[in-house]
Amino acid sequence: MDQKLKVGILGATGMVGQRFISLLENHPWFEVVTVAASPRSAGKTYEEAVGGRWKMTTPMPEGVKSLIVKNVNEVEEVASTVDFVFSAVDMSKDEIRAIEEEYAKTETPVVSNNSAHRWTPDVPMVVPEINPEHFEVIASQKKRLGTTRGFIAVKPNCSIQSYAPALSAWREFEPYEVVATTYQAISGAGKTFKDWPEMVENVIPYIGGEEEKSEKEPLRLWGVVEDGVIKPASEPKITCQCIRVPVLNGHTAAVFVKFRKKPTKEQLIDKLVNYSGLPQKLQLPSAPKQFIQYMEEDNRPQVVLDVDYENGMGVSIGRLREDTIYDYKFVGLSHNTVRGAAGGAVLCAETLKALGYIAAKNA
């Protein structure tokens, strides 16, 4: 690729915005040229606007420090500088829906980390290894929006990445009932231990809105495109509990599954380790070479040892065994701000570019 696509980040000063900045440093296809945030940050350099709130473990990239933060609400101005945007704005759902559509209507594709459009029927919600065919609904969305190149695409909730990929690998065995408990890191709330000291040595058995997302969003991933919208799958039925635990990065899930077609343990492991999708076929820059690893050790996966598998873009599964009530149970782990948030969105954008949905505006 001769020239990199020009990228803007909406909500650039927050934790997910920072993760976008960090992941896109030296990206072979994309270059961050514009950062946008709330009016209180506008006019400052990015370094000034973030101040002491840089939450990544790696230093702030030099290339963004002196970028002047634009007001995210000045849509035309921000859109005029970029080929597409990543959205990580911190607003109400109604405000997010409105502003993302506003950007799309300037003929600027929006790849969103936010949940606001995950149930808009003609907005694709995609894990590129699982359901890239859902990008087909973009054609219908463009008709609704009246655009030729502008659209919105989203990635799903961070918590489901720790178990939905395994269930996807096992679809031929027809899982029909799932019980999942997720143990979710504090960075999922945009926090570190420094700014959330009450999480140290603590467990909070409630995360607002998370259980509904965790139960419903996998069904949309496994849905089908019909009449220009996505019709969610009806199975498996999923019930979920979501618990906040004193971990910085990494969502763990303990999962129980019933299958209509009874597989052996060996068949299940084989399907996991051989599962791959379009990103692997296309060898996209952010794609893990192996999407899912299976770990034989009784005490794995562990957050400390395994959360950064495949640069945080892979999923680790372990402790697969038969159960006395369900057919099988297992433990999954994924990096919630890489695969589960910004990294998942970057991989969506790479897939969209490879499929021809995102291109330079002057092309």
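Bear in mind the structure is a predicted one, so any value in this text is a computation, not a measurement.
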If you group Ile, Leu, Val, Met, Phe, Trp and Tyr whenever their side-chain heavy atoms sit less than 4.5 Å apart, what else falls in with I325? V179, F256, Y326

Other than F193, which residues form its hydrophobic cluster under the rule that side-chain heavy atoms must be closer than 4.5 Å? I186, W196, M199, V200, I204, L248

Enumerate, atom names and distances included, each donor-acceptor pair closer than 3.5 Å involving a side-chain atom of residues 33-45, sequence neighbours excluded.
from	atom 1	to	atom 2	distance (Å)
T34	OG1	T81	OG1	2.7
T45	OG1	E48	N	3.1
T45	OG1	E48	OE1	3.4

Could you walk me through whether E107 and K142 pass side chain to side chain contact (heavy atoms under 4.5 Å, CB included), step by step? CA-CA 10 Å; E107 302 294 0; K142 285 177 176 176; over 6 Å; no

I'd like to check the side chain to side chain contact (heavy atoms under 4.5 Å, CB included) partners of [X]; sequence neighbours left out, ordered by chain and number.
X: S214; answer: N157, S159, I160, Y163, E210, C240, C242
X: V203; answer: I243, V245, P246
X: S234; answer: none

Result block: side-chain N/O donor-acceptor pairs under 3.5 angstrom for residues 128-138, not counting sequence neighbours:
from	atom 1	to	atom 2	distance (Å)
E129	OE1	R339	NH1	3.0
E129	OE1	R339	NH2	3.3
E129	OE2	Q280	NE2	3.0
E129	OE2	R339	NH2	2.9
N131	OD1	V127	N	3.0
N131	ND2	M125	O	2.9
N131	ND2	H134	ND1	3.0
H134	NE2	G223	O	2.9

Qualifying residues under ring pair (Phe, Tyr, Trp, His ring centres under 6.0 Å), relative to F86, sequence neighbours excluded: F20, F84

Non-neighbouring partners of F330 that pass ring pair (Phe, Tyr, Trp, His ring centres under 6.0 Å), sequence neighbours left out: W170

In terms of side-chain geometry, is the basic nitrogen of [X] or [Y] positioned less than 4.0 Å from the acidic oxygen of its partner?
X: K55; Y: D195; result: yes
X: K329; Y: D323; result: yes
X: R260; Y: E235; result: yes
X: E226; Y: K231; result: yes
X: E174; Y: K261; result: yes

Tell me whether V111 is reachable from L10 by hopping between hydrophobic residues (I, L, V, M, F, W, Y) whose side-chain heavy atoms are closer than 4.5 Å. no

Between Q293 and V273, is there a side-chain heavy-atom distance shorter than 4.5 Å? no

With R319, which residues qualify under salt bridge (Lys or Arg N to Asp or Glu O under 4.0 Å), at least two apart? none

Test side chain to side chain contact (heavy atoms under 4.5 Å, CB included) on F151 and L352 and set out the steps. CA-CA 11 Å; F151 63 86; L352 287 161; 4.0 Å; yes

Would you give me the side-chain donor-acceptor pairs under 3.5 Å for residues 62-70, sequence neighbours excluded?
from	atom 1	to	atom 2	distance (Å)
E62	OE2	K65	NZ	2.8
K70	NZ	E77	OE2	3.2

Please enumerate all residues that pass side-chain hydrogen bond (donor to acceptor under 3.5 Å, both in side chains) together with T324, with sequence neighbours excluded. none

Under 3.5 Å, is there a donor-acceptor pair between the side chain of E100 and the main chain of I152? no

When you measure from the centre of the six-membered ring of W29, is the NZ or CZ of K353 under 6.0 Å away and within 45° of the axis? yes

